[in-house]
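Working notes for the structure below.
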Amino acid sequence: MAAPLLAALLLICGSPAYAVPSPGEGVQSLLGNDISWPQCNTAFPTGQAFAIVGVNNGLANTTNPCLAEQLDWAEGSAGHPGRPTVSLYVNTANPGAAGSWWPAEDEYPAGRAVHNPYGPCKDGDYGKACAYMYGFAKAYDDAHHRGISNPGSYVWWLDVETKTAGPTPTRMPTGQSWRA
């Protein structure tokens, strides 16, 4: 009795997960790809409608070594009317005391005061105020020091992970597919 009931529930309530097939020759794809540092020195995907390119090299304070090449590739995406052809994503993290740099004040870059909604960031503080400043600094660096021309013209995504890969992130498979 239980097995037929379970089978009936599965047929009614759910369908199996599946990969979306290519739309075929001459048909515009609705799929996009994201690529970043793990795809350096590999063949990039083709036929994507849009692309999301990783700005960092696995950690928030690094630069994807083939960012320029990947941005050039992304510009060749087919696009959709009213939607961005190229978007960017950045790694986020709160390394606290384990990081190579941690803020000690509410200025970034040096000499530029930043309004901090969590109160003052002070040397040795690993709470919300300095975490905010760390995030502000990494976002500033991503927009101004990683080789992105005209950063305001892109949609930016945050790669938020609950567990980081550590100082040497593992290699990911070539380009993940996303639906537009």
Side-chain angles (χ1 to χ4, degrees), residues 17-96 98-103 108-109 112 114 131-180:
Y18 61 93
V20 178
S22 169
E25 187 69 32
V27 178
Q28 184 175 356
S29 175
L30 296 176
L31 300 177
N33 290 98
D34 79 293
I35 63 173
S36 189
W37 63 271
Q39 287 79 43
C40 290
N41 303 315
T42 66
F44 298 156
T46 59
Q48 72 281 353
F50 63 94
I52 305 172
V53 178
V55 173
N56 306 109
N57 190 27
L59 297 173
N61 61 343
T62 61
T63 303
N64 174 351
C66 50
L67 179 59
E69 179 186 6
Q70 291 178 352
L71 284 172
D72 287 345
W73 162 82
E75 291 295 336
S77 300
H80 285 292
R83 295 185 182 176
T85 301
V86 180
S87 296
L88 305 173
Y89 78 88
V90 296
N91 295 115
T92 62
N94 179 346
S100 61
W101 175 83
W102 189 254
Y108 199 86
R112 180 177 176 214
V114 175
Y132 176 86
M133 285 307 301
Y134 180 83
F136 180 94
K138 297 302 106 191
Y140 183 93
D141 290 348
D142 289 335
H144 298 283
H145 299 299
R146 307 245 185 261
I148 304 295
S149 59
N150 197 12
S153 67
Y154 294 99
V155 172
W156 290 73
W157 297 89
L158 301 177
D159 183 3
V160 179
E161 300 184 21
T162 58
K163 182 178 179 185
T164 62
T168 309
T170 56
R171 192 167 183 84
M172 298 298 288
T174 299
Q176 302 295 312
S177 292
W178 300 87
R179 184 176 289 282

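These figures come from a predicted structure and were not determined experimentally.
How far SG of Cys66 is from CH2 of Trp73: 11.0 Å, rounded to the nearest 0.5 Å. Distance CG/Asp34 to OH/Tyr89: 5.0 Å, rounded to 0.5 Å. One finds the CG atom of Asn33 at 8.5 Å from the OG1 atom of Thr46 (value rounded to the nearest 0.5 Å). A distance of 9.0 Å separates NZ in Lys138 from NE2 in His145, rounded to the nearest 0.5 Å. Distance check: Trp157 CH2 to Ser87 OG gives 6.5 Å after rounding to the nearest 0.5 Å. Here the OG1 atom belonging to Thr85 is positioned 10.0 Å from the CZ atom belonging to Phe50, to the nearest 0.5 angstrom.
Distance alone, capped at 3.5 Å, is enough to place a donor-acceptor pair between the Thr92 side chain and the Asp159 backbone.
Side-chain contact between Leu31 and Gln48: absent, with no pair of heavy atoms (C-beta onward) separated by less than 4.5 Å. You'll find the side chain of Val114 reaches within 4.5 Å of the side chain of Tyr132, heavy atoms only. In this structure, the side chains of Thr62 and Trp37 stay at 4.5 Å or more apart for every pair of heavy atoms. Between Leu71 and Val86 there is a side-chain heavy-atom pair separated by less than 4.5 Å. Within the 4.5 Å cutoff, side-chain heavy atoms of Val55 are placed close to those of Leu88. Side-chain contact between Trp156 and Ile148 is present, with heavy atoms from C-beta onward closer than 4.5 Å. Under the 4.5 Å side-chain criterion, counting only non-hydrogen atoms from C-beta, Val53 is not in contact with Ser36. Counting heavy atoms from C-beta on, the side chains of His144 and Pro109 never come closer than 4.5 Å.
The two residues Pro38 and Thr42 have their closest heavy-atom pair at O-CG2, 4.3 Å.
For Ser100 and Asn61, the side-chain atoms include at least one donor-acceptor pair closer than 3.5 Å. Looking at Asn64 and Asn56, their side chains never bring a donor and an acceptor atom within 3.5 Å of each other.
Tyr134 has its ring centre less than 6.0 Å from the ring centre of Trp102.
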Side chain to side chain contact (heavy atoms under 4.5 Å, CB included) evaluation trace for Asn91 with Leu59: CA-CA 6 Å; Asn91 295 115; Leu59 297 173; 6.0 Å; no
Cys40/Gln70 under side chain to side chain contact (heavy atoms under 4.5 Å, CB included): CA gap, chis, key distance, verdict: CA-CA 8 Å; Cys40 290; Gln70 291 178 352; 4.2 Å; yes
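Using cut-offs of 30° and 60° on the angle between ring planes, the pair Tyr108 and Tyr140 is perpendicular.
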